[in-house]
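Read through the structure below, which is laid out as structure tokens, and then see the notes.
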Amino acid sequence: MNYRKIFKFMVLILGILLANLVTIWIDNYMLSYKWKYSPHVFTWIGMAIVIVIYYPLFTHIDKWSTLAGNKVLKAGKKLAGRRLGSIIAFLVALLILYFLYGLEWFESNVFTSFFKSL
């Protein structure tokens with residue numbers, strides 16, 4: 001497989017995971033206000049907010065995620081060379097996302113629970 005295809009795949013993975021994490025944070029923040037309004041009012045407000053937030057996010061997500069992924073992987077290239085540095089930067093970014101997802105989903109450090117299970 002071509003290195004360029006692998007690089008694009010790594011950027012895509014990081015972009016998808018980061019975009020999903022950001023949308024989870026936005027949803028949780030928005031839902032924290034749901035008890036301040038009646039259900040029929042909050043549902044309309046929530047739907048409008050989803051459109052206002054997600055429309056630009058989805059129309060620009062590919063460009064933004066590609067830029068962010070490229071910056072992370074290029075930083076790795078500078079540290080350890082083109083291929084190895086990109087792979088190291090990808091793994092570090094993936095582990096950071098793994099940690100953040102663990103905090104979001106379980107409110108705990110998944111690294112600690114992983115090492116305890118060993």
Side-chain angles (χ1 to χ4, degrees):
M1 186 181 257
N2 181 335
Y3 174 73
R4 190 179 222 43
K5 288 181 183 180
I6 293 171
F7 183 79
K8 284 186 176 188
F9 182 68
M10 290 188 301
V11 168
L12 180 63
I13 287 172
L14 293 178
I16 290 168
L17 291 172
L18 183 59
N20 182 58
L21 191 62
V22 169
T23 57
I24 288 170
W25 291 338
I26 291 169
D27 284 344
N28 288 343
Y29 178 75
M30 188 179 76
L31 288 173
S32 70
Y33 290 96
K34 76 179 178 182
W35 301 116
K36 295 185 180 199
Y37 301 94
S38 63
H40 65 281
V41 171
F42 180 80
T43 301
W44 281 116
I45 293 170
M47 289 170 57
I49 290 171
V50 165
I51 291 168
V52 167
I53 291 172
Y54 289 110
Y55 180 77
L57 185 65
F58 282 111
T59 58
H60 294 84
I61 195 67
D62 184 50
K63 182 176 85 174
W64 293 339
S65 66
T66 301
L67 287 172
N70 281 335
K71 286 185 179 187
V72 167
L73 296 177
K74 284 180 182 178
K77 285 181 190 179
K78 289 180 182 178
L79 293 174
R82 181 178 177 207
R83 291 185 181 176
L84 180 62
S86 295
I87 292 169
I88 291 171
F90 170 75
L91 291 174
V92 167
L94 193 61
L95 290 173
I96 290 169
L97 287 169
Y98 176 74
F99 176 76
L100 292 173
Y101 269 93
L103 282 178
E104 183 62 37
W105 289 344
F106 299 103
E107 296 179 2
S108 69
N109 184 337
V110 289
F111 291 117
T112 305
S113 63
F114 174 74
F115 288 115
K116 284 181 182 178
S117 71
L118 295 176

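Numbering starts at 1 and runs along the sequence shown.
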(message) Going by the rule side chain to side chain contact (heavy atoms under 4.5 Å, CB included), which residues pair with Thr112 if we only count those two or more places apart in sequence or in a different chain?
(response) Asn109, Lys116
(request) Please identify each residue that fulfils side chain to side chain contact (heavy atoms under 4.5 Å, CB included) with Val41, with sequence neighbours left out. (result)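 Partners of Val41 under the side chain to side chain contact (heavy atoms under 4.5 Å, CB included) test: Tyr37, Ser38, Ile45.
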How many angstroms lie between [atom1] in [X] and [atom2] in [Y], if you round to the nearest 0.5 Å?
X	Y	atom1	atom2	result
Leu21	Ile16	CG	CD1	13.5 Å
Leu100	Ile24	CG	CD1	10.5 Å
Leu31	Ile26	CG	CD1	12.0 Å

Non-neighbouring partners of [X] that pass side-chain hydrogen bond (donor to acceptor under 3.5 Å, both in side chains), sequence neighbours left out:
X	answer
Ser32	none
Tyr101	Asn20
Tyr29	Tyr33
Tyr98	none

(request) Look only at the side chain of Thr43 and the backbone of His40, and say whether a donor-acceptor pair between them is shorter than 3.5 Å. (result)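 Pair absent, no side-chain N/O of Thr43 close to backbone of His40.
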(request) Run through the side-chain heavy atoms of Ile, Leu, Val, Met, Phe, Trp and Tyr, join any pair under 4.5 Å, and report what else lands in Trp44's cluster. (result) Met47
Quick one: side chains of residues 89-96, donor-acceptor pairs under 3.5 Å with protein atoms, not counting sequence neighbours, listed by atom name and distance.
none

(message) Counting only heavy atoms not in Phe111 (residues, nucleotides, ligands), do more than 12 fall under 6.0 Å from its CZ?
(response)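 Yes, the 6.0 Å shell around CZ holds more than 12 heavy atoms from other groups.
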(request) Look at the side-chain heavy atoms of Ile, Leu, Val, Met, Phe, Trp and Tyr, link any pair under 4.5 Å apart, and say whether Trp25 and Trp105 land in one connected group. (result) yes
(message) Quick check on the hydrophobic clustering: are Leu17 and Phe106 connected, directly or via other members, by side-chain heavy-atom contacts under 4.5 Å?
(response) yes
(message) Is there a side-chain contact (heavy atoms from CB on, under 4.5 Å) between Asn28 and Glu104? Walk through the geometry before answering.
(response) CA-CA 10 Å; Asn28 288 343; Glu104 183 62 37; 2.4 Å; yes
